[in-house]
Protein chains: 2
Amino acid sequence: MTTIRDVAKAAGVSVATVSRVLNETGYVHEDTKKSVTAAIEKLNYSPNEVARSLYKRKSKLIGLLLPDITNPFFPLLARGVEDELRLHDFRLIFGNTDENPEKEKDYIQTFQQNNVIGMISMTNQLSKTTYQDLSIPVVFLDRTSSSLPSVYADGKEGGRIAAMEMIQRGSKRITLIKGPSHIQTAQDRFQGSLEVLSASEVDFYVMSTSSFSFEEAEKWAKELFKKYGDTDGVIASNDIVATAVLHEALRLEKSIPHDLQIIGFDDIPHSSLLFPPLSTIRQPAYEMGTEAAKLLMKLMKNNQMKEKSVQLPVMFIERSTTRKGEGHV
Amino acid sequence: MTTIRDVAKAAGVSVATVSRVLNETGYVHEDTKKSVTAAIEKLNYSPNEVARSLYKRKSKLIGLLLPDITNPFFPLLARGVEDELRLHDFRLIFGNTDENPEKEKDYIQTFQQNNVIGMISMTNQLSKTTYQDLSIPVVFLDRTSSSLPSVYADGKEGGRIAAMEMIQRGSKRITLIKGPSHIQTAQDRFQGSLEVLSASEVDFYVMSTSSFSFEEAEKWAKELFKKYGDTDGVIASNDIVATAVLHEALRLEKSIPHDLQIIGFDDIPHSSLLFPPLSTIRQPAYEMGTEAAKLLMKLMKNNQMKEKSVQLPVMFIERSTTRKGEGHV
DNA sequence: TTGAAAGCGCTACCAG
DNA sequence: CTGGTAGCGCTTTCAA
């Protein structure tokens, strides 16, 4: 392992000088700079980030917390975060929390022990105040908040769009699936759809569900068609749920989208790979990730910002589980 | 920020003593230990990992390199790695390399700068010697190697099984899709299938492809049915490719599995969500991850191990793109 | 423009 | 059994 001392020796200067050229700080003569650079090159030296981190009490590490990377919605977000942060030489320590507060706390603690300089959290468990007590900036991703920095998609508008498209495309007896009540984004979507549906002439049925898991969703889907067999349009709380509904409909040999239209939410990569491909409301996941990273970096420079939240637009992705519209919305 | 000094002061002992109780090293009287523990508790102190890392020249961080977390095969692997490592208090720094050697080198360098104590790599780009020069143990995941530590599934056997099941279930004109030639695991599968097919009585057609992307795969699928429209069984190089084939077959209104059987490879979560659900050869991705983590931890304790590679078994997952077998293999 | 030296928080050695 | 202290590799005063 080559250290700054080795470089100093090789260049015939002091470590202070090497440090100066490394950090481009203070004055250093052009010539000595050259010889230092040469020595660095020659020894293939790169500074020890740990030592830097210790002295400065801050690293180039960012903590990333997400519920479960195995859930297809998160990889794209994580990728967005990573790509953006990488451009600025930050690195990511990450942890899956499984929505478990203990794990979450545990990770936060070890993140701090490693001098992370900021955090991005996609979890829903810990209260906001828990985060507020941290001495480092945190941005919440895929979680709405007016008071704390956060990046999220316009779920309410998404819900509205879904309902409008559904009506526009001719469904008369619509089922609206309401996602888990502790997930704010799911509630926003629901409210948006509800608003439009209420104001419309169509009949609709609200089905409450309590998780986003596929297995659960399959059960609800069965139940749905049993209870409300003549529904001709379902607005699902996300794409996984929509997939379960699609499955069940296909099993019942319903013709899609003729007998039944389905609109999902998220546009996870899987959705376009279904047959028929799923119409859905896209959240710009990757971009949400990059935006969160950008916001965090701003916050790290200036913790007293006003513009703390960014809301991204959603859009309807027309695929094959909806009928052709008769003139668009 | 509270330091070991604060604790020492609060407990009325020296920092050395605090360090001893922290690390359970050396002798310390039961009473002083108690008062130290109390002080730690009271001050809510937790040691600075950065300082530790600097002194010991090793951290509790592990580097994880993968091509792209957005590819549905990787999250499960990553999750396995994380869960296992977490049990032993290690944390993960990770990077997506996009199979780009520059990014890969870049990450490896910064990992080292952060004193990572080991690495798990799922990439295929950098030569093995590049890794061998590292001073820390590395295990390769989803990449075969007899010389270097690695964890992978038995692709060849998987290929054999796929071919046997296909034949067993009555396909007579089989298409075998050969994945990218630079990916060893893909070649193993191919060889396994080829072996069985060659020794059998059925006709078969080999189609060479050069990537795993869905878009590319869609093109090949179209081409496949144009060239070899009466094929009644395709063994795909992975589930994404299988999905593309399934799409095209459905579009052509082939009856699955009556007219055409399809077997994929990997068993990514998406595969069971298709309609019809995809029959496939499962790689135990999560377990591969945990095994890689275990192997790495062994290596970190004892770098001179012999048992350096672990091969995991694959299994056939019967779903609905294959016909019911007439007595199993 | 440069160097000496203090010190970031911790561990481990050596004395006592 | 305990404390003093050197030093991990680096940055940053302070003097020169």
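Residue numbering restarts at 1 for every chain, and letters A, B, ... go by the order of the sequence lines. Everything numeric here is computed off the predicted structure, so don't read it as measured data.
As rounded to whole Å, 16 Å separates atom C1' of C:dG16 from atom OH of B:Tyr27. Regarding A:Asn23, its CG atom lies at a distance of 12 Å from the P atom of D:dT13, rounded to whole Å. Between the NZ atom of B:Lys33 and the C1' atom of D:dT2 there is a distance of 15 Å, rounded to whole Å. At whole-Å resolution of the value, CD in B:Gln113 and C1' in D:dG9 are 12 Å apart. In this entry the distance linking CZ of B:Arg52 with C1' of D:dG9 reads 19 Å, nearest Å. Per the geometry, CD1 belonging to B:Ile4 stands 14 Å off P belonging to C:dC8, to the nearest Å. In this structure, the CG atom of B:Leu22 is 8 Å from the P atom of C:dC10, given to the nearest Å. Straight-line distance from the CG atom of A:Asp6 to the C1' atom of D:dG9: 10 Å, rounded to whole Å.
In this structure, a donor-acceptor pair under 3.5 Å is present between the side chains of A:Glu104 and A:Thr123.
Heavy-atom nearest nucleotides on DNA chain D were determined for A:Ser19 and for B:Gly26, and the one closer to the 5' end corresponds to B:Gly26.
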At a cut-off of 3.5 Å, list every protein nitrogen or oxygen paired with a nitrogen or oxygen from nucleotides 4-8 of chain D, distance to 0.1 Å.
residue: D:dC8; atom: O3'; partner: B:Arg57; partner atom: NE; Å: 3.4
residue: D:dC8; atom: O2; partner: B:Tyr55; partner atom: N; Å: 3.3

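Across all strands, A:Val13 comes closer than 4.0 Å only to sugar-phosphate atoms, never to a base (heavy-atom distances).
Applying the 6.0 Å contact sphere to NZ of A:Lys9 captures no more than 12 heavy atoms from other residues, nucleotides or ligands.
A sub-4.0 Å separation between OP1 or OP2 of D:dC1 and a side-chain N or O of B:Thr32 is absent. For the pair A:Thr17 and C:dT2, the criterion of a side-chain N or O lying under 4.0 Å from OP1 or OP2 is not met.
Side chain of A:Asn23 to main chain of A:Ser19: a donor-acceptor pair is present (N/O by atom type, distance under 3.5 Å, no hydrogens or angles).
When the nucleotides D:dT11, C:dG9, D:dC10 are ranked by their closest atom to the side chain of B:Asn48, C:dG9 comes out on top.
The structure places CG of A:Leu296 at 11.5 Å from OG of A:Ser121, a figure rounded to the nearest 0.5 Å. Between atom CD of residue A:Glu84 and atom CG of residue A:Leu295 there is a gap of 11.5 Å, rounded to the nearest 0.5 Å.
Of the residues A:Glu49, A:Arg91, A:Arg86, A:Lys60, the one that meets the side chain to side chain donor-acceptor pair (under 3.5 Å) test with B:Thr110 is A:Arg91.
Among pairs with a residue in residues 50-104 of chain A, those fulfilling ring pair (Phe, Tyr, Trp, His ring centres under 6.0 Å) read A:Phe94-B:Phe94, at least two apart in sequence or across chains.
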